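Notes to accompany the following structure.
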Protein chains: 2
Amino acid sequence: MPKVNKTKYAILGVLDMRPCSGYDIKKFCDSGISHFWNENFGHIYPVLKELEKEGSITKAVEQGDGKPSRNVYSITQKGKEELTQWLLQPVEHSPARLELLLKLYFAKSIPAASMIEELERVKEKHAQRLETLLKMEKLFLGNETAKSDAGFPFWLSTLRYGIYDAEFRIKWCEETITNISAHQLGK
Amino acid sequence: MPKVNKTKYAILGVLDMRPCSGYDIKKFCDSGISHFWNENFGHIYPVLKELEKEGSITKAVEQGDGKPSRNVYSITQKGKEELTQWLLQPVEHSPARLELLLKLYFAKSIPAASMIEELERVKEKHAQRLETLLKMEKLFLGNETAKSDAGFPFWLSTLRYGIYDAEFRIKWCEETITNISAHQLGK
DNA sequence: ATATAATATATCACACTGATATATAAGTCA
DNA sequence: TGACTTATATATCAGTGTGATATATTATAT
């Protein structure tokens, strides 16, 4: 079974909320769902063309006097059905490729201090991420409109995932720094 | 800054332990480091050719009478230096693309039961993964040869990462199932 | 004896990333 | 006012990585 084009379904999902240009879709990915998803222009634009060609979305060109034209896409009935079918399928396995762990695995040939510094940097990065996510959660839990939406428990769970993920990584960085340091002293 | 070819460094790292054929490298990725790394033949073979061309590895053809030939590669001094340089660099940011969270985010248009079933399946998958990792850790901690190797704390930390990761995902699946179920009942 | 799994290399289509090119409009600040 | 920067908007390219498939031999199991 060949790999499924997930960009296709990400786009259908966004257009199912409201009509968007390619630029709008990119902005949404970089703000609303950036804690678990990413899209590039280099993939969005060609996929929009394909989706239009197969009738899953339709294009409307917006001409603001003199302004650069906007291609605004809307989802069709066919597109909605495709999205639903995908949502009902189990997720695909996605192979792990964790650069930090690969470096760690081969790290015995470089000075331990270098690896420890890198672990400190990574820990700091996740600490900042955690802070952001906790703020988002607080804002979200205080928003009565959001709370009454049928999507509420789903959206909240994506935030919770990010929070648990950041927490475990911080803990692991600390533990790993301690273990490497202890092993260095014992040599 | 264009994306770094990590397959290149994964191969150099494996060849720095011992000379290998492309097939051996694939086997190693699928056994020793499969809990955090993945490589495909479709990438290994062309990268081996490039590495040989640039003088980072050398090829020796093994001819066992009649048997299919094996191309056994060894790392050169240049290759060792390249590997070290890469190990000293900070890790690159890798964008998140979590299909399960994307589905969850758009899930309000499908029956909650479908999503809950998927979460149960995912939870079970991680529970099995956790079991495997804990067995590996036990074996590893009981191996006196491994314990005396300079790589010990590094290798152990890659296992610990996988264990924490599996644990948090199991916890998150359970919490998410509970929250979705509760929200369904309250409607 | 036959089927299946393991060894071994190679290639292809496609998914996805990150950089770059191009052009206009709007805001900043000296 | 002019110069600079940022935001809006679309498009394309080279390169990384995935998963499937083709091919051929050897070893093992039923």
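All values reported here derive from a predicted model rather than from experimental measurement. In what follows, chains carry the letters A, B, and so on, assigned in the order in which the sequence lines appear, proteins first and then strands, with residues in each chain numbered from 1.
Within residues 6-18 of chain B, the residues approaching DNA chain D are B/Lys6, B/Thr7, by heavy-atom distance under 4.0 Å. Of the residues in residues 83-91 of chain B, none lies under 4.0 Å from DNA chain D by heavy-atom distance.
Considering only heavy atoms from C-beta on, B/Asn40 stays 4.5 Å or farther from B/Thr7 through its side chain. Proximity of B/Trp86 to A/Lys103: side-chain heavy atoms (C-beta onward) are separated by under 4.5 Å at one or more points. Side-chain contact check for A/Leu83 versus A/Lys80: every heavy-atom pair is 4.5 Å or farther apart.
If you take NE2 of A/His43 and P of D/dG15, they are 18 Å apart, rounded to a whole angstrom. With rounding to whole Å, B/Asn40 atom CG is found 14 Å from C/dC16 atom C1'. Look at CD on A/Glu52: it is 14 Å from C1' on D/dT10, rounded to the nearest Å. Taking atom CZ of A/Phe41 as the reference point, atom C1' of D/dA7 lies 11 Å away to the nearest angstrom. Put simply, NZ on B/Lys59 is 10 Å from C1' on C/dT9, counting in whole angstrom units. When rounded to the nearest whole Å, the span between CG of B/Asp30 and C1' of C/dT7 equals 14 Å. Distance A/Glu39 CD to C/dT17 P: 7 Å, rounded to the nearest Å. Rounded to whole Å, the distance from NE2 on B/His93 to C1' on C/dC16 is 14 Å.
Looking at which nucleotide of DNA chain C each of A/Val4 and B/Glu92 is closest to, the 5′-most match is held by A/Val4. Across the interface with DNA chain C, nearest-nucleotide mapping of B/Ser94 and B/Pro46 shows B/Pro46 to be the residue nearer the 5′ end.
Considering only the side chain of A/Pro95, D/dG19 comes nearest among D/dG19, C/dA8, D/dT10. The side chain of A/Arg70 lies closest to D/dT10 when the candidates are C/dT9, C/dT7, D/dT10.
Every residue was checked against the side chain to side chain donor-acceptor pair (under 3.5 Å) condition with A/Asn143, not counting sequence neighbours, and none meets it.
Across all strands, B/Lys49 comes closer than 4.0 Å only to sugar-phosphate atoms, never to a base (heavy-atom distances). Nucleic acid contact for B/Gly22: sugar-phosphate only, since backbone atoms but no base atoms lie under 4.0 Å from a heavy atom of the residue.
If you check the side chains of B/Ser21 and B/Asp24, you find a donor sitting under 3.5 Å from an acceptor.
The side chain of B/Arg97 places an N or O atom within less than 4.0 Å of a non-bridging phosphate oxygen (OP1 or OP2) of C/dT17. Between C/dT17 and A/Asn38, a contact under 4.0 Å exists linking OP1 or OP2 to a side-chain N or O. When the side-chain nitrogen and oxygen atoms of A/Tyr23 are compared with OP1 and OP2 of D/dT8, one or more of them lie within a distance under 4.0 Å. Proximity of B/Asn5 to the phosphate of D/dG17: a side-chain N or O atom is located under 4.0 Å from OP1 or OP2. Distances shown here put every side-chain N or O of A/Lys3 at or beyond 4.0 Å from the OP1 or OP2 atom of D/dA20. Side-chain nitrogen and oxygen atoms of B/Tyr45 include none within less than 4.0 Å of the OP1 or OP2 phosphate oxygen of C/dA10.
Using cut-offs of 30° and 60° for the angle between ring planes, the A/Trp155 and A/Phe140 rings count as tilted. Classification of the A/Tyr23-A/Phe41 ring pair by plane angle, with boundaries at 30° and 60°, yields parallel.
You'll find the ring centres of B/Tyr161 and A/Phe168 inside the 6.0 Å limit. Checked against the 6.0 Å centroid threshold, B/Tyr164 and A/Trp172 do not count as a close aromatic pair.
Distance check, rounded to the nearest 0.5 Å: CD1 of B/Ile57 to CD of B/Glu82 gives 10.5 Å.
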